Number of protein chains: 2
Amino acid sequence: MPTPHYGQPRYRLIANELRKRIESGVITPGGLLPAETALTAEFRASRGTIRRAIAVLRDDGLATTAHGRGTFANAPSSEARGAKPQASSLSRREVHADAELAALFEVQVGVALIELRSVTIQGGKVETVTRTYRLR
Amino acid sequence: MPTPHYGQPRYRLIANELRKRIESGVITPGGLLPAETALTAEFRASRGTIRRAIAVLRDDGLATTAHGRGTFANAPSSEARGAKPQASSLSRREVHADAELAALFEVQVGVALIELRSVTIQGGKVETVTRTYRLR
DNA sequence: AGAAATTTGTCCGTATGTATC
DNA sequence: AGATACATACGGACAAATTTC
């Protein structure tokens, strides 16, 4: 096959097909997608195209890939539908300026700073950790 | 060259180099990046690798690509980010998890994380420095 | 413990399609 | 119409992480 991609490119068509299988439950949440080599056989596409299709699913939050293990289907849960991250636990403590902070605040390295720390959680997992520093 | 990617993969190194040029102003906001074929010559990398590097910049919001026209540098200013206080420059880099971050993210100490750093300025003085960490 | 098989990650070179200049 | 630039696709090779035997 040369490379005709009138309309939608192949990687997108393949992504749509795989998406259907996940959303319809043919591939159960947490379940493993077929290996890339298996998918190349099924769709008669090159591995690069298959990988690109899977990348689409990852970007959409429908799948997660682990080096050496495979690609797992995610539960199409609430967070895919714009649910806000659950912020939590704002804590405060005193820390000492590292080199970068010292330069920015124009103080000596080691000077005491106030640090506010917050964590956002998404689906039971820590998604972001934020540390905000200011002078005392 | 076979495929030695000890440490960081080539597409990431190239992305970092291009990022520097944008953030330092070597490529002015709105300006055009060199064409992919030009970058293949400069970095002695295949076009696929160059395209992958540019994709990283797009994902980071640093560049925009238009079919047939080229890839443009975006102003590294604060975009759709809920309009925080004063002029805060946002920069991104990779860091290694310290003990606390490792515990929160449930990874090994030293694992690579993404750090977004922003600074708020009040009357010419740095008021706060915020570091937000996320898994890669 | 160790070797082999499996699976994803990176990279190359090439060819062709599509959009813009 | 021609030149330039990005988009898609193929096939091959080797690297790295994981699982299996």
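It should be emphasised that the depicted structure is a prediction, and the values quoted were computed from it without experimental measurement. Lettering of chains follows the sequences in order, A, B, ..., and the numbering in each one begins at 1.
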With nearest nucleotides of DNA chain C determined for Ala66(A) and Thr49(B) from heavy-atom distances, which residue corresponds to the more 5′ nucleotide?
Ala66(A)
Smallest separation among heavy atoms of Ala53(B) and Tyr11(B), with atom names
CB-O, 3.2 Å
Send over the distance from Leu32(A) CG to dT20(D) P, rounded to a whole Å.
11 Å
Rounded to the nearest Å, what distance is computed from the CG atom of residue Leu13(A) to the C1' atom of nucleotide dT8(D)?
12 Å
Rounded to whole Å, the CG-C1' distance (Leu57(B) to dC6(D)) equals 15 Å
Checking contacts here: which listed nucleotide (dA7(D), dT8(C), dA9(D)) is nearest the side-chain heavy atoms of Tyr11(A)?
dA9(D)
Arg69(A) vs dT19(D): side-chain N/O to OP1/OP2 distance below 4.0 Å:
yes
Find the distance Arg58(B):CZ to dA7(D):C1' and express it as a whole number of Å.
10 Å
What closest approach, in Å, do Glu36(B) and Ile54(B) show between heavy atoms, and which atom pair accounts for it?
CG-CD1, 4.2 Å
Taking any heavy-atom pair under 4.0 Å as a contact, classify Gly48(B): base, sugar-phosphate, or nothing.
nothing
Could you check whether the side chain of Arg47(A) and the base of dG9(C) have a donor-acceptor pair of N or O atoms closer than 3.5 Å, going by distance alone?
yes
Proximity to the side chain of Ser46(A) - top-ranked nucleotide from dT10(C), dT8(C), dG11(D)
dG11(D)
dT4(D) P sits how many Å from Leu39(B) CG, rounded?
17 Å
Does Arg51(A) put a side-chain nitrogen or oxygen below 4.0 Å from OP1 or OP2 of dT8(C)?
no
Could you please name the option among dT10(C), dA15(D), dA5(D) that lies closest to any side-chain atom of His67(A)?
dA15(D)
At under 4.0 Å between heavy atoms, what does Arg52(A) touch on the DNA or RNA strands: base, sugar-phosphate, or nothing?
sugar-phosphate
Could you tell me the separation between the CD atom of Glu36(A) and the P atom of dA16(D), rounded to a whole number of Å?
17 Å
One should read off an interatomic distance between Ile14(B) CD1 and Glu42(B) CD, to the nearest 0.5 angstrom, of 9.0 Å
Quick one: pull up OG1 in Thr132(A) and CG in Leu116(A) and give me the separation to the nearest 0.5 Å.
6.0 Å
What integer distance in Å separates Phe72(B):CZ from dC6(D):C1'?
11 Å
With a 6.0 Å cut-off (strictly less than), is the heavy-atom count around CZ of Arg134(A), excluding the residue itself, greater than 12?
no
Taking 4.0 Å as the cut-off, does a side-chain nitrogen or oxygen of Arg10(B) come that near to OP1 or OP2 on dT10(C)?
no
Roughly, in whole Å, what's the span from CD1 in Ile50(A) to C1' in dA9(D)?
11 Å
